[in-house]
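For this chain, numbers begin at 1 and follow the sequence in order. This one's a predicted model, so the numbers in the text were calculated from it and none came from an experiment. Below, each value reflects all heavy atoms present in this structure, side chains not excepted, and no hydrogens, waters or symmetry copies. One-based numbering, in listed order, for ligands and for the atoms of each.
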Amino acid sequence: MGCDEKREPASGYLRVQDIPALTQDHCRMLDPAKVERIINEFVQGGPERMQLVSDFDYTITKQRTDDGCAVLSSFGIFNACESLPENFKVETEKLYRKYRPIEIDPHMPVEEKTKFMIEWWTKSGELTSGFSFDQSEIDHVASKYKHALRDRTHEFFADLDRLGIPTLVFSAGLGNSVVSVLRQANVMHPNVRVVSNFLKYRNGNLDGFQQPMIHTFNKNETVLDGNEYYDLVHTRDHIIVMGDSIGDADMASGVPASSHIMKIGFLFDHVEANMEKYMKTFDIVLVDDQTMDVPRTLLGLIEKQHQLNLQAAAAKQSSL
Ligand code: MG7
Ligand code: MG
């Protein structure tokens, strides 16, 4: 008889069934024992070993709002700016209609899709060139979406900041919009970095996007190699990854194999059709959850143990 299963857990060992946020009906796990193992690794390792990597569009922003208003994506925010030339709007729309179905095609292999995505981002950059444009236009449109972040996003980012956890917002969208929304929502704390496609200017006019290009299928820490962010986090081997698309699950794929990664997926569209794939891809699948409550719960457990450790260390110090 294998005795490991029977062994009493060490004191303080956390059980998934004792964590209410994880026992809710809409919180699904293929392998609760794995989730439990990772949570305990995180709690034992403490905040110093943690980092968070999150997608932006429909992960930090809501997939569904209370008033039913659609939330614009980061590229959508840019496209809604009034001064853009008519030709730009027509042509980017054409690109969207051509390439978006390829991006989400369930049958085409990723290598083949990647060629098309590089084409899409390249052509989009070429169109985003040769006219003047002021960031204030993005700020104006983005101000309408600062309230479209998931419930308790403010608290979540405050938790991450307080615990000193480096937070990477990783977006294949438009960085200028991402930063604008995060700033206006007052969550752009010093521990937050945005890696995304940012507008480039030449002689006062737009000149496409800055390098490196970040598209749907290179959105992982390997594109960060050489980036100052990489140096900051490559020793942090306890990672929470959050996303709403299957590809988001690979965002931490450049980190050492020994890392512990908790992948949280927000599922909203075509729940039934997507469920199996999301369950296989993410450790925790949250169905129509428009809050940050589950990731906050993980931070809460880490912080609680951290406080106990600090108190124990202080008590030991004062008894010396
Ligand atoms: N996406 C990618 N590109 C564009 C673009 O030029 N315009 C618009 N409106 N959308 C674009 O947030 C990343 C998502 O944005 C879409 C180049 C893609 O669907 C991508 O997954
Ligand atoms: Mg997304």
Please tell me if atom 20 (C) of ligand 1 is touched by the protein, where touching means a protein heavy-atom distance below 4.0 Å.
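Given the 4.0 Å limit, the answer for atom 20 (C) of ligand 1 is yes, a protein heavy atom qualifies.
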Salt bridge (charged side-chain N to carboxylate O under 4.0 Å, His left out) between Arg49 and Asp237, worked out
CA-CA 6 Å; Arg49 282 174 71 177; Asp237 58 348; 3.0 Å; yes
Side chain, backbone, both or neither: which part of [X] comes within less than 4.0 Å of ligand 1 when only heavy atoms are counted?
X      : answer
Glu103 : side chain
Tyr96  : side chain
Thr92  : neither

Kindly give the atom name of the N, O or S atom of Asp244 closest to the Mg ion (ligand 2).
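This turns out to be OD1.
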Answer with yes or no whether the hydrophobic clustering places Leu95 together with Ile118; edges join I, L, V, M, F, W, Y residues whose side-chain heavy atoms lie under 4.5 Å apart.
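Yes.
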How far is [atom] from the closest protein heavy atom, and which atom is that?
atom                    : value
atom 12 (O) of ligand 1 : Asp57 OD2, 2.8 Å
atom 16 (C) of ligand 1 : Trp120 CH2, 3.8 Å
atom 9 (N) of ligand 1  : Asn79 ND2, 3.3 Å
atom 8 (C) of ligand 1  : Phe75 CB, 3.4 Å
atom 6 (O) of ligand 1  : Ser124 OG, 2.7 Å

Mark the output for Ala172 as yes if a heavy-atom distance to ligand 1 is under 4.0 Å, and as no if none is.
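The answer is yes: ligand 1 sits under 4.0 Å from a heavy atom of Ala172.
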Give the single entry among Gly173, Ser171, Ser74 that approaches atom 13 (C) of ligand 1 most closely by any heavy atom.
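The residue whose heavy atom sits nearest atom 13 (C) of ligand 1 is Gly173.
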[Y]/[X] salt bridge by N-O under 4.0 Å criterion:
X      : Y      : value
Glu93  : Lys89  : no
Asp248 : Lys263 : no
Arg296 : Glu155 : no

Hey, are Thr122 and Glu126 close enough side-chain-wise for a donor-acceptor pair under 3.5 Å?
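Result is no, nothing qualifies.
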Under 3.5 Å: N/O of Arg100 near N/O of ligand 1
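Such a contact does occur with ligand 1.
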Examine distances only and state if a side-chain atom of Asp31 and a backbone atom of Lys34 form a donor-acceptor pair shorter than 3.5 Å.
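Side chain of Asp31 to backbone of Lys34, a donor-acceptor pair under 3.5 Å: yes, one is there.
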Arg193 to Phe170, cation-pi by 6.0 Å centre distance and 45° axis angle
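No cation-pi geometry.
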What angle, in degrees and rounded to 10°, do you get at the Mg ion (ligand 2) when you join it to O of Asp57 and to OD2 of Asp55?
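Vertex the Mg ion (ligand 2), arms to O of Asp57 and OD2 of Asp55: 90°.
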Candidate pair Asp105 and Lys113, rule salt bridge (charged side-chain N to carboxylate O under 4.0 Å, His left out), full reasoning:
CA-CA 9 Å; Asp105 183 340; Lys113 287 188 183 200; 5.7 Å; no
